[in-house]
Amino acid sequence: MKKIEDKYDVVIIGSGMAGLSCGLILAMEGKSVCVLEKNAQIGGTLQTFKRDGGKFDTGVHYVGGLDEGQPLHPYFKYLDIFKDIDIMKLNENAYDVITFAGDSNEYPHAQGYENFKEQLLKFFPDEKENLDRYVTDIKALCKKFALYNVNDMPARTNELEYMYDGASQRIRSYTSNEKLQRVLAGSNLLYAGEEDKTPFYVHALIINSYMMSAYKFHHGGSQISRSLNYSIKERGGNIVRNAEVATIDHNNTSVSSVTLVDGRKIKADLFISNVHPTETIKMMDQGLMRKSYTSRIAGLENTVSVFTLYLVLKPQTVKYRNSNFYNFNENKVWGLTNYKPEDWGKDFAVFYLPDNKNPAYASVITVMAYMKMEEMLPWMNTFNTTLQESDRDESYQNFKELKAQFLLEKMEGFSPGLRKNIKSYHTSTPLTQRDYLNTTGGSLYGISRDHNFPLKSQINTKTKMKNMYFTGQNIILHGVLGATISSVVTCAEILGRDYLLKKIKSVL
């Protein structure tokens, strides 16, 4: 069992991207750091796993804004991650491809602002002015968000004014061409887009980073967590696996320690939770906290969950496609998170990874379709983690098989002849998301943002405890970029904003 000291400067609950980044930033400042992870594998959605010789990502299928001068680059450079990752650029003319049933066209999202417009103009030649406005507005909005790009920081920010714009409404304002509207919003599985809720800034911040540059990690997103792990340990930090926090021990104003499920108690001066705020509050004595605060946290709405099909392919049978695909059964890209049971799985995303030995061919394919946690009701009281395992009954296996077969049939339509080239297939459900990522309701991207009530879903990194902070995808934005920025926001509260930003900029 990993030795844990009695006292640290900082204890971090959860080893996702933001938790590990916080750990490294603070360790670089000479603080003693302990990161606690309840499962055997660190990294949250950075995790990878192997099945039947195939290696799969759990969440990080691609990243954007990684080139020099772009949003993610200075953070990765400061954290010294580049030395440990093997990246491959996606198709510059079509990093994403949007397709619709009954329409043979493959509509591209391209890298580079001008290229993005040029590739779409091949399909929409009369839309130049509208695409110009769309791209110009996205660029302008992203410049208004502090820490989105440390190379071009706004002197003053007023982000709230943009939070009331809805993504679907704003996209419709750029063009009356309904097909182009759907194509521009076609990758909204990246943020679990909802027509009447999702803010335009969420759409803009995410798609802008991919317009700049789009990359896959050749050997999976776990390269990032391994890099952060080694760097933290090199600076004397401690990362403890199989260390689930049972309670956060505190009085009215501050936290003194955390107690693990095995009874071990760890003290610290500062505490950071990389766990969903709702799950964090559950570990605390809510009787000692203001009821209005705990009620707001407990009442946060979360994004939908997901069912994932993992395909291991027979060697050299399926050509590798260096794009991601978003496939729609109808001319409809919004409203899919609240699907009817009979419509499940008709809309899905497809991600390829190349064979290391024969990169012209794919080694694995990942297929994702939204799934509500409500479909898991018969098995809600079963849990599978490294510390606690339940044998889910045959009905659960039958459920997964039924869904897998449906998606396999849809994939056969997407890629004719695919079935005969599949070596094996594997699945995960919203319960997998809940148990291994500790997300409320198995949520795909944490808290759901709502442009109608933007402040309701805003979570401050500072909690009501003077020495405890939140970090992670629920603070600013989800994804690698969002989680990394949130770690900087959290650490800026501890170290001082100007001090930390000066440190980050010093490596550029």
Side-chain angles (χ1 to χ4, degrees), residues 64-65 67 69-72 92-96 98 107-214 326 333-334 449-455 457-458 476-479 481-482 485:
D67 285 341
Q70 297 176 1
L72 195 52
E92 293 203 18
N93 292 330
Y95 68 86
D96 281 348
I98 316 300
Y107 299 97
H109 286 189
Q111 300 179 57
Y113 294 121
E114 293 305 314
N115 195 30
F116 183 90
K117 292 183 284 186
E118 287 171 14
Q119 297 304 322
L120 285 177
L121 284 172
K122 294 176 181 179
F123 298 91
F124 306 98
D126 299 327
E127 296 289 328
K128 185 179 186 309
E129 288 186 9
N130 294 330
L131 285 169
D132 282 341
R133 284 194 304 118
Y134 171 76
V135 170
T136 298
D137 283 1
I138 280 181
K139 290 166 66 176
L141 185 151
C142 291
K143 282 190 174 184
K144 296 286 187 181
F145 276 75
L147 300 181
Y148 183 75
N149 194 335
V150 296
N151 299 288
D152 189 18
M153 291 274 290
R156 148 180 197 285
T157 62
N158 184 16
E159 297 162 3
L160 186 60
E161 64 183 283
Y162 293 100
M163 293 184 178
Y164 288 93
D165 280 348
S168 65
Q169 298 91 323
R170 186 72 173 268
I171 290 170
R172 284 197 298 269
S173 76
Y174 290 110
T175 175
S176 60
N177 187 311
E178 294 184 359
K179 177 68 74 164
L180 179 55
Q181 293 172 8
R182 290 189 283 269
V183 169
L184 293 175
S187 60
N188 70 31
L189 189 138
L190 287 168
Y191 46 87
E194 296 184 69
E195 186 169 17
D196 299 322
K197 286 182 63 177
T198 300
F200 182 65
Y201 81 86
V202 171
H203 168 88
L205 293 175
I206 291 171
I207 203 165
N208 179 72
S209 70
Y210 292 119
M211 277 192 210
M212 289 179 161
S213 64
Y326 295 88
V333 300
W334 297 104
R449 312 294 180 181
D450 188 347
H451 72 86
N452 300 290
F453 309 100
L455 296 180
S457 58
Q458 296 302 306
I476 306 292
L477 192 70
H478 59 270
L481 176 58
I485 292 174

Task: Shortest non-hydrogen contact between S187 and I98, atoms and distance - done: N-CD1, 3.9 Å
TODO: Report yes if some heavy atom in the side chain of V183 is under 4.5 Å from a heavy atom in the side chain of F123; otherwise report no.
DONE: no
- [ ] Would you mind reporting whether L180 and Y107 have side-chain heavy atoms less than 4.5 Å apart?
- [x] no
Task: Atom pair CD/CG of E127 and L121 - distance to nearest 0.5 Å - done: 8.5 Å
- [ ] Can you see which heavy atom on A185 is nearest to which on H203, and at what distance?
- [x] CA-CE1, 4.5 Å
Task: Gap between atom CZ of R170 and atom CD1 of I138 - 0.5 Å precision - done: 9.0 Å
Open item on the list: To check you understand the geometry: which heavy-atom pair defines the closest contact between S457 and D450, and what is its length?
Closed with: OG-N, 3.9 Å
Open item on the list: Determine whether L477 and I485 satisfy the following criterion, side chain to side chain contact (heavy atoms under 4.5 Å, CB included), listing intermediate values before the conclusion.
Closed with: CA-CA 8 Å; L477 192 70; I485 292 174; over 6 Å; no
Open item on the list: Counting C-beta onward and ignoring hydrogens, is there a side-chain heavy-atom pair between Y148 and S209 closer than 4.5 Å?
Closed with: yes
Open item on the list: Is there a side-chain contact between I476 and F145 in this structure, where contact means two heavy atoms from C-beta onward sitting under 4.5 Å apart?
Closed with: no
Task: K117 side, atom NZ; E129 side, atom CD - distance, nearest 0.5 Å - done: 11.5 Å
Open item on the list: Measuring only between side-chain heavy atoms, which start at C-beta, is P199 closer than 4.5 Å to M163?
Closed with: no
Task: N/O donor-acceptor pair under 3.5 Å between N115 side chain and E92 backbone - done: yes
Open item on the list: Under a plain distance cut-off of 3.5 Å, with no hydrogens placed, do Y191 and H478 share a side-chain donor-acceptor pair?
Closed with: no
Open item on the list: Donor-acceptor check, side chain of T136 to backbone of R133, threshold 3.5 angstrom: yes or no?
Closed with: no
TODO: Verify, without hydrogens or angle tests, whether Q181 (side chain) and T175 (backbone) share a donor-acceptor contact under 3.5 angstrom.
DONE: yes
TODO: May I ask you to test the L120-P108 pair for a side-chain heavy-atom distance under 4.5 Å?
DONE: yes
- [ ] Would you please classify the geometry between the H109 ring and the F116 ring as parallel, tilted or perpendicular, with 30° and 60° separating the classes?
- [x] tilted
- [ ] Report yes if the side chains of L131 and L184 come closer than 4.5 Å at any heavy-atom pair, otherwise no.
- [x] yes
Open item on the list: With rounding to the nearest 0.5 angstrom, report the OG to CG distance, S176 to N130.
Closed with: 7.0 Å
TODO: Report the C-alpha separation of L190 and Y210 in whole Å, then their side-chain angles, then the decisive distance to 0.1 Å, and conclude whether the side chain to side chain contact (heavy atoms under 4.5 Å, CB included) test is met.
DONE: CA-CA 11 Å; L190 287 168; Y210 292 119; 3.9 Å; yes
Open item on the list: Show the nearest heavy-atom pair for residues L141 and A204, with the distance to one decimal.
Closed with: CD2-CB, 4.0 Å
TODO: Look only at the side chain of N149 and the backbone of C142, and say whether a donor-acceptor pair between them is shorter than 3.5 Å.
DONE: no
Task: N188 side chain vs W334 backbone, donor-acceptor pair below 3.5 Å - done: no
TODO: Hey, could you give me the CG/CG distance between L147 and L481, rounded to the nearest 0.5 Å?
DONE: 10.5 Å
Task: Contact summary for Y164 and H451, nearest pair of heavy atoms - done: O-ND1, 3.4 Å
Task: Full working for side chain to side chain contact (heavy atoms under 4.5 Å, CB included) between V333 and Y326 - done: CA-CA 10 Å; V333 300; Y326 295 88; over 6 Å; no
- [ ] Walk me through it: do R172 and E195 pass the test salt bridge (Lys or Arg N to Asp or Glu O under 4.0 Å)?
- [x] CA-CA 11 Å; R172 284 197 298 269; E195 186 169 17; 3.4 Å; yes
TODO: Could you please spell out the steps behind the side chain to side chain contact (heavy atoms under 4.5 Å, CB included) verdict for N208 and Y113?
DONE: CA-CA 9 Å; N208 179 72; Y113 294 121; 2.6 Å; yes
